[in-house]
Amino acid sequence: MNALHEVRMLRPVHIDDAVRALAEDGAQPLAGGTDLLPNLRRGIGAPRALVDLTAVAALDAVAVRSDGSLRVGATATLAALADHVALHAGWPALAKAAGLVAGATHREAATLGGNLCQDTRCMFYNQSEWWRAGNGYCLKYRGDKCHVVVKSDRCYATYHGDVAPALIALDASAEIVGPGGARTLPLAALFVEDGKRRLTLAPGEWITAVVVPPTAGWRADYAKARVRDAVDFPLAGAAVALKRDGERLAGLRVAITGTNSAPRVVPTDALLGGPWDAASAQALAKAVQTTSNVLATSVATVRYRRRMAQALVCRLVDELWAGG
Ligand SMILES: Cc1cc2nc3c(=O)[nH]c(=O)nc-3n(C[C@H](O)[C@H](O)[C@H](O)COP(=O)(O)OP(=O)(O)OC[C@H]3O[C@@H](n4cnc5c(N)ncnc54)[C@H](O)[C@@H]3O)c2cc1C
Ligand code: SF4
């Protein structure tokens with residue numbers, strides 16, 4: 001393991017100071033550190049300054065607003081979300097996804113903002129400096145070729161976050177600040193299908209909060225497949241939000257993780273208005289297959305991860321359709 005390179009640590013209390021600090025060239029947000037610090041210890045990344053957001057006043061607030069929506073501050077911990085009474089009452093899929101991240105000790109430190117913005121992963125990248133140097137690095141960091149798709153000019157490292165697909169299925173938006181001011185973005189638009197670029201945030205921009213609309217008749221759930229239930233990333237994960245009107249699917253939002261370089265929305269428009277039956281399950285499984293782009297970025301096989309994504313989605317729709 002490498003020693004950390006020299007880095008300035010800043011711990012602003014006021015949000016304006018955090019915005020100013022993160023506008024500096026080479027500054028990077030630090031939240032719980034459960035993703036960022038292991039990478040830095042492995043020599044991946046070399047920020048000039050780390051701006052610890054966890055002391056910024058009220059950035060961890062979780063509140064149900066007067067219009068019935070939920071606003072979650074970026075530094076709210078995943079443990080707080082997993083246990084929050086308001087989430088269990090109104091947005092249980094979000095509480096569940098937060099509660100399924102990593103292990104219990106990670107969730108005490110890990111934050112919502114850090115979870116959403118976590119790095120993409122690949123078995124050729126999440127390795128020691130010694131290992132990566134011995135293999136000529138790769139084009140995600142310090143190298144010039146991809147070991148997964150050899151002739152590719154882009155990185156296919158996989159996004160394995162649990163919370164983003166749940167929030168996308170719940171139709172959430174991210175509140176963003178930066179040197180150019182504040183803006184709001186539909187959560188799905190935060191991500192880009194490129195394992196190196198990852199996010200659509202401009203230099204100096206960062207997330208202050210996520211807003212989730214009122215559930216208004218939608219039921220939602222999240223499920224993941226992993227090797228060890230006590231700690232692992234999703235090899236595949238799926239979130240579904242569904243609205244049923246008698247024997248018709250009145251609304252269906254599906255998002256998957258662990259399959260692409262970004263959490264992906266699965267198109268479902270063709271299923272709306274019809275029943276949930278064997279034919280629609282087959283069509284949805286096909287749509288998951290078409291949307292996903294599972295490659296050999298982890299030790300679990302491509303076929304297993306692809307099949308699990310399909311199975312998780314169909315199982316969740318089954319359960320939500322039946323009223324579960
Ligand atoms: C053993 C192990 C198992 C894990 N299992 C899982 C798992 O099952 N599921 C899962 O989703 N993750 C998992 N993780 C990854 C990580 O622990 C979580 O994603 C965690 O939620 C990251 O949050 P954090 O606050 O610690 O982020 P940090 O490590 O502090 O930051 C992560 C990234 O986000 C950026 N960032 C932080 N806050 C913001 C912000 N407000 N705006 C913009 N950028 C920001 C940082 O600059 C950094 O690039 C695991 C990690 C380990 C070590
Ligand atoms: S997908 Fe290719 S470029 Fe990206 S981290 Fe893996 S080996 Fe590197």
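Every number for a ligand or one of its atoms is a count from 1 in the order of the listing. All heavy atoms count here, side chains included; hydrogens, waters and symmetry mates do not.
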Q: Only heavy atoms of Tyr125, strictly under 4.0 Å: list the atoms of ligand 2 that pass.
A: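 Heavy-atom distances to Tyr125 below 4.0 Å select 5 (S).
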
Q: Side chains of Thr158 and Thr297 only: does a donor on one sit below 3.5 Å from an acceptor on the other?
A: yes

Q: Using heavy-atom distances, let me know which of Thr111, Asn115, Leu36 sits nearest atom 29 (O) of ligand 1.
A: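 When every heavy atom of Thr111, Asn115, Leu36 is considered, Leu36 comes closest to atom 29 (O) of ligand 1.
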
Q: Can you tell me the protein heavy atom closest to atom 28 (P) of ligand 1 and the distance?
A: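 For atom 28 (P) of ligand 1, the nearest protein heavy atom comes out as Gly33 N, 3.4 Å.
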
Q: Looking only at distances, can you tell me whether any N or O atom of Asp35, backbone or side chain, sits closer than 3.5 Å to an N or O atom of ligand 1?
A: yes

Q: Between Ser152 and Arg154, is there a donor-acceptor pair closer than 3.5 Å when you use the side chain of the first and the backbone of the second?
A: yes

Q: Salt-bridged, Glu6 to Arg48, with N to O below 4.0 Å?
A: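 Salt bridge: no.
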
Q: Nearest to atom 24 (P) of ligand 1 by heavy atom, Ala97, Gly113, Gly32: which?
A: Gly32

Q: Within the structure provided, determine whether Ile256 and Pro165 are in side-chain contact (heavy-atom separation under 4.5 Å).
A: no

Q: Looking at atom 4 (Fe) of ligand 2, what's its closest protein heavy atom, distance included?
A: Cys155 SG, 2.4 Å

Q: Nearest 0.5 Å, please: how far is CZ in Phe233 from CZ in Arg226?
A: 11.0 Å

Q: With distance as the sole test, does Thr291 use its side chain to make a donor-acceptor pair with the main-chain N or O of Ala287 at under 3.5 Å?
A: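 A pair under 3.5 Å: yes.
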
Q: Could you tell me if Trp218 and Asp171 have a donor-acceptor pair between their side chains, going purely by distance under 3.5 Å?
A: no

Q: Identify the protein heavy atom lying closest to atom 3 (S) of ligand 2, giving its residue, its atom name and the separation to 0.1 Å.
A: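 Minimum-distance protein heavy atom for atom 3 (S) of ligand 2 reads Lys140 N, 3.6 Å.
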
Q: Which protein non-hydrogen atom lies closest to atom 2 (C) of ligand 1, naming both residue and atom, and how far is it?
A: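 Nearest neighbour among protein heavy atoms for atom 2 (C) of ligand 1, to 0.1 Å: His106 NE2, 3.6 Å.
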
Q: Which ligand 2 atoms does Phe124 reach within 4.0 Å, using its non-hydrogen atoms?
A: 7 (S)

Q: Should Asp232 be counted as touching ligand 1, given the test is an N or O pair under 3.5 Å?
A: yes

Q: Please report whether ligand 1 has a polar contact with Ala109, defined as an N or O pair separated by less than 3.5 Å (distance criterion only).
A: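 So ligand 1 has no N or O lying under 3.5 Å from an N or O of Ala109.
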
Q: Looking just at side-chain N and O atoms, do Glu129 and Tyr137 make a donor-acceptor pair shorter than 3.5 Å?
A: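 There is such a pair between these side chains.
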
Q: Is Asp119 salt-bridged to Lys140, going by a charged N under 4.0 Å from an acidic O?
A: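 A salt bridge is present here (some side-chain N lies under 4.0 Å from a carboxylate O).
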
Q: Name the closest protein heavy atom to atom 19 (O) of ligand 1, giving the residue it belongs to and the distance to 0.1 Å.
A: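 Checking every protein heavy atom, the shortest distance to atom 19 (O) of ligand 1 gives Gln118 NE2, 3.0 Å.
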
Q: Which atoms of ligand 1 sit under 4.0 Å from any heavy atom of Ala74?
A: 41 (N)

Q: Please say yes or no: joined through hydrophobic side-chain contacts below 4.5 Å, possibly via intermediate residues, are Leu170 and Val265 part of one cluster?
A: yes

Q: One residue to check: Lys224. Relative to ligand 1, which of side chain, backbone, both or neither has a non-hydrogen atom less than 4.0 Å away?
A: side chain

Q: Spell out, as yes or no, whether a donor-acceptor pair under 3.5 Å connects the side chain of His160 to the backbone of Pro234.
A: yes

Q: Going by the atom numbers of ligand 1, which of them fall below 4.0 Å from some non-hydrogen atom of Leu78?
A: 21 (O)

Q: Among all protein heavy atoms, pick the one closest to atom 22 (C) of ligand 1 and tell me residue, atom and distance.
A: Thr34 OG1, 3.4 Å

Q: Which of the numbered atoms in ligand 1 are below 4.0 angstrom from a heavy atom of Trp206?
A: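 Taking each heavy atom of Trp206 in turn, ligand 1 has 42 (N), 43 (C) under 4.0 Å.
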
Q: Is Gly195 close enough to touch ligand 2? Criterion: a residue heavy atom under 4.0 Å from a ligand atom.
A: no

Q: Which residue from Ala102, Pro47, Cys117 reaches closest to atom 43 (C) of ligand 1 through any of its heavy atoms?
A: Cys117

Q: What do you reckon, does Leu30 have a nitrogen or oxygen under 3.5 Å from a nitrogen or oxygen of ligand 1?
A: no

Q: Which atoms of ligand 1 have any heavy atom of Ala110 under 4.0 Å away?
A: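 Near Ala110, the atoms of ligand 1 are 20 (C), 21 (O), 23 (O), 24 (P), 25 (O), 26 (O).
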
Q: Starting from atom 7 (S) of ligand 2, which protein heavy atom do you reach first, and at what distance in Å?
A: His147 N, 3.4 Å

Q: Quick one: which ligand 1 atoms are inside 4.0 Å of a heavy atom on Asp162?
A: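 Under 4.0 Å from Asp162, ligand 1 has these atoms: 7 (C), 8 (O), 9 (N), 10 (C), 11 (O).
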
Q: Between the candidates Leu59, Val163, Ile207, which shows the shortest non-hydrogen contact distance to atom 41 (N) of ligand 1?
A: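 The option holding the nearest heavy atom is Ile207.
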
Q: Under 4.0 Å, heavy-atom basis, I'd like to know which part of Cys146 is in contact with ligand 2: side chain, backbone, both or neither.
A: both

Q: Would Asp318 and Arg315 pass as an ion pair if we require N to O under 4.0 Å?
A: no

Q: Any idea which protein heavy atom is nearest atom 27 (O) of ligand 1, and the distance to it?
A: Gly114 CA, 3.2 Å

Q: Hey, which atoms in ligand 1 end up nearer than 4.0 Å to a heavy atom of Ala31?
A: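 Listed by number with element, the hits are 25 (O), 30 (O), 37 (C), 38 (N).
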
Q: Under 2.8 Å from atom 6 (Fe) of ligand 2 - does any N, O or S atom of Cys138 fall there?
A: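 False for Cys138.
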
Q: Between Glu193 and Arg264, does any side-chain N to carboxylate O distance fall below 4.0 Å?
A: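 Judged by the 4.0 Å cut-off on N to carboxylate O distance, Glu193 and Arg264 do form a salt bridge.
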
Q: Tyr159 vs Phe191, test: ring-ring contact (aromatic ring centres under 6.0 Å, His included). Steps then yes/no.
A: CA-CA 10 Å; Tyr159 184 81; Phe191 302 96; 5.1 Å; yes

Q: Taking Arg8 first and then Glu24, would you say they form a salt bridge - that is, a charged N and a carboxylate O separated by under 4.0 Å?
A: no

Q: Taking Asp52 for the side chain and Thr54 for the main chain, is one N or O donor matched with an acceptor at less than 3.5 Å?
A: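 Yes, the answer is positive, given that a donor and an acceptor are paired below the 3.5 Å cut-off.
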
Q: Suppose I only count heavy atoms of Gly161 and a 4.0 Å limit; which atoms of ligand 1 are within that range?
A: 11 (O)

Q: Short list, please: which atoms of ligand 1 are under 4.0 Å from a heavy atom of Gln28?
A: 47 (O), 48 (C), 49 (O)

Q: Tell me the protein heavy atom at minimum distance from atom 51 (C) of ligand 1, and give that distance in Å.
A: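 Checking every protein heavy atom, the shortest distance to atom 51 (C) of ligand 1 gives Phe233 CZ, 3.5 Å.
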
Q: Tell me which protein heavy atom sits closest to atom 6 (Fe) of ligand 2, plus the residue, atom name and distance to 0.1 Å.
A: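 It is Cys122 SG, 2.4 Å.
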
Q: So Leu190 and Ile207, do their side chains get closer than 4.5 Å, heavy atoms only?
A: yes

Q: If every non-hydrogen atom of Ser298 is compared with every non-hydrogen atom of Arg305, which pair is closest and at what distance?
A: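 Where Ser298 meets Arg305 most closely, the heavy atoms are OG-NH1, 3.6 Å.
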
Q: Regarding ligand 1, does Pro29 bring an N or O atom to under 3.5 Å of one of the ligand's N or O atoms?
A: yes

Q: Hey, does Arg226 come in under 3.5 Å of ligand 1, counting only N/O atoms on both sides?
A: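 Between Arg226 and ligand 1 (N or O atoms, distance only) the closest approach is not under 3.5 Å.
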
Q: So Arg132 and Tyr141, do their side chains get closer than 4.5 Å, heavy atoms only?
A: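 In short, these two side chains touch, coming nearer than 4.5 Å.
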
